[in-house]
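In what follows, a single structure is set out as structure tokens and then discussed.
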Amino acid sequence: MWRCVIIAMNDSQEPFTLPVLAAGLVHEVKNPLSAIHLHLQLLENQVLQVEDEELRAQMKRRVEIIKREILGLNQTLQEFIRLIRSETRAIAAAGLNEIVEQVVQLLGPQAGRNQIRLETNTGAVPDHLQMDASFLKQTLVNLILNSIQAYETVDDNRDRLIVVTTGTENGRFFLRVEDNGAGILPEDREKIFEPFFTTKVHGSGLGLSLVRKMMMEMGGHVDLVSSPGKGTRFTLYFDGAVKALPEPAEIQGHEAV
Ligand SMILES: Nc1ncnc2c1ncn2[C@@H]1O[C@H](COP(=O)(O)OP(=O)(O)OP(=O)(O)O)[C@@H](O)[C@H]1O
Ligand SMILES: [Mg+2]
């Protein structure tokens with residue numbers, strides 16, 4: 001069993017920041033895309049003036065295809081932007097475990113189809129904490145899907161089990177997803193957090209890099225324990241990651257706002 005703790009680094013220590021790269025990419029792609037779209041519209045009008053009927057029909061068809069592809073690209077960009085931007089809406093501590101249960105219910109059938117039991121073990125959450133609901137959902141979906149996929153290469157008849165645990169350790173809220181799937185090779189343990197690193201045929205390799213990016217935004221760190229062939233455990237510790245609301249005692253000690 002090997003152990004690795006990835007500390008979420010601050011921006012200056014981080015060799016890349018996904019939001020900056022993403023914003024740059026979106027900007028670089030969007031501007032030429034709208035110029036192409038504009039000129040295509042002009043071309044569309046000019047095509048109407050072509051006298052040869054067959055050529056005109058042919059050109060019109062090609063313009064239509066280009067237009068459809070441009071709109072498709074634009075749609076992809078919009079989805080990418082939505083993925084990168086996290087909602088800022090905070091949820092109170094009381095709702096954290098409910099969200100965990102919701103996500104587990106959502107992915108339960110998928111786990112079931114793969115003969116995997118998906119269980120929760122929700123514990124106490126400090127009641128002065130607030131967290132971004134979309135962050136929690138996205139992160140949990142990414143981690144649980146990875147755990148489900150971790151059985152794709154397992155061909156023995158082990159009892160397949162994924163457990164999602166929440167709780168508080170030394171005053172820190174944690175969220176843990178543990179499986180007894182394929183595990184992660186020691187040489188891959190750093191790489192799995194890099195964007196586009198994947199060992200799957202249809203993986204994009206963006207799941208864990210987003211988890212790390214979101215953890216960095218909120219503070220906190222990811223603890224990874226994995227044993228090749230035996231299983232993996234990801235624990236997210238929300239050190240400074242949760243917005244602490246003032247304790248009632250603190251409010252009493254200050255002037256009311
Ligand atoms: N629970 C796990 N068990 C085993 N390997 C894992 C686990 N979680 C992640 N990995 C490894 O980390 C790699 C990167 O994971 P990540 O979620 O970033 O991308 P992905 O799952 O390959 O693709 P996607 O973008 O669709 O999520 C995976 O390809 C896999 O090799
Ligand atoms: Mg993934």
Side-chain angles (χ1 to χ4, degrees), residues 1-9 14-19 21-22 25 76-77 79-86 100 103-104 106-108 110-121 134-156 158-166 174-217 220-237:
M1 175 83 62
W2 53 270
R3 190 167 203 278
C4 162
V5 178
I6 294 108
I7 305 292
M9 294 173 286
E14 183 62 13
F16 75 92
T17 64
L18 200 56
L21 282 179
L25 177 74
T76 307
L77 276 183
E79 281 163 18
F80 187 59
I81 293 167
R82 251 204 306 279
L83 188 74
I84 292 298
R85 273 191 206 141
S86 60
V100 170
V103 174
V104 165
L106 186 81
L107 296 176
Q110 192 171 339
R113 279 195 296 277
N114 292 283
Q115 290 78 47
I116 302 165
R117 270 187 298 135
L118 177 54
E119 294 181 357
T120 52
N121 180 15
S134 68
F135 165 80
L136 193 64
K137 282 184 198 163
Q138 277 182 26
T139 302
L140 203 51
V141 167
N142 282 337
L143 293 179
I144 295 176
L145 281 181
N146 277 347
S147 285
I148 292 175
Q149 290 159 358
Y151 293 96
E152 282 171 5
T153 53
V154 171
D155 53 10
D156 55 29
R158 71 183 67 177
D159 191 11
R160 300 171 169 212
L161 177 65
I162 300 172
V163 184
V164 181
T165 309
T166 62
F174 72 86
L175 173 68
R176 178 171 296 147
V177 178
E178 193 165 7
D179 64 65
N180 60 342
I184 298 165
L185 294 172
E187 58 265 37
D188 288 345
R189 69 179 190 269
E190 301 290 343
K191 294 185 205 151
I192 60 169
F193 292 98
E194 289 168 10
F196 306 114
F197 175 84
T198 183
T199 57
K200 300 165 193 169
V201 182
H202 298 295
S204 72
L206 286 172
L208 284 178
S209 72
L210 278 174
V211 169
R212 185 174 76 162
K213 172 244 156 189
M214 291 189 281
M215 283 303 282
M216 281 168 55
E217 273 185 7
H221 67 275
V222 183
D223 183 57
L224 166 62
V225 181
S226 187
S227 178
K230 290 187 180 158
T232 302
R233 190 178 84 188
F234 281 97
T235 311
L236 308 187
Y237 287 102

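In this text, all values refer to a predicted model and were calculated from it rather than measured experimentally. In listed order, ligands and their atoms are each counted from 1. Quick note: numbers below take in every heavy atom, side chains included, and nothing from hydrogens, waters or symmetry partners.
Per-residue contacts place Phe197 under 4.0 angstrom from the following atoms of ligand 1 (heavy atoms of the residue considered): 14 (C). Close approach of ligand 1 to Gly205 is summarised as follows: ligand atoms under 4.0 Å from at least one heavy atom of the residue are 18 (O), 19 (O), 20 (P), 23 (O), 24 (P), 25 (O). Counting the atoms of ligand 1 from 1 in the order shown, those under 4.0 Å from a heavy atom of Ile192 are 11 (C), 12 (O), 13 (C), 14 (C), 18 (O). Near Gly207, with a cut-off below 4.0 Å to any heavy atom, the atoms of ligand 1 are 16 (P), 17 (O), 18 (O), 25 (O), 27 (O).
A heavy-atom separation below 4.0 Å is found between Gly183 and ligand 1.
Neither the backbone nor the side chain of Val177 has a heavy atom within less than 4.0 Å of ligand 1. Contacts with ligand 1 closer than 4.0 Å are made by heavy atoms of both the backbone and the side chain of Thr199.
On a distance-only criterion, Phe234 and ligand 1 share no N/O pair closer than 3.5 Å. When only interatomic distances are considered, the shortest N/O to N/O separation between Thr198 and ligand 1 falls below 3.5 Å. For the pair Ala150 and ligand 1, the shortest N or O to N or O distance does not fall below 3.5 Å. Residue-to-ligand polar distances place Asn146 within reach of ligand 1: an N/O pair is separated by less than 3.5 Å.
Note: Phe234 and Phe193 have perpendicular aromatic rings, judged against thresholds of 30 and 60 degrees for the angle between ring planes.
What sits closest to atom 18 (O) of ligand 1 on the protein, heavy atoms only, is Leu208 N, 2.8 Å. Nearest non-hydrogen protein atom to atom 21 (O) of ligand 1 is Lys200 NZ, 2.6 Å. The nearest heavy-atom contact from the protein to atom 10 (N) of ligand 1 is Ile184 CD1, 4.0 Å.
By the criterion of a separation under 2.8 Å, the protein N/O/S atoms near the Mg ion (ligand 2) amount to Asn146 OD1.
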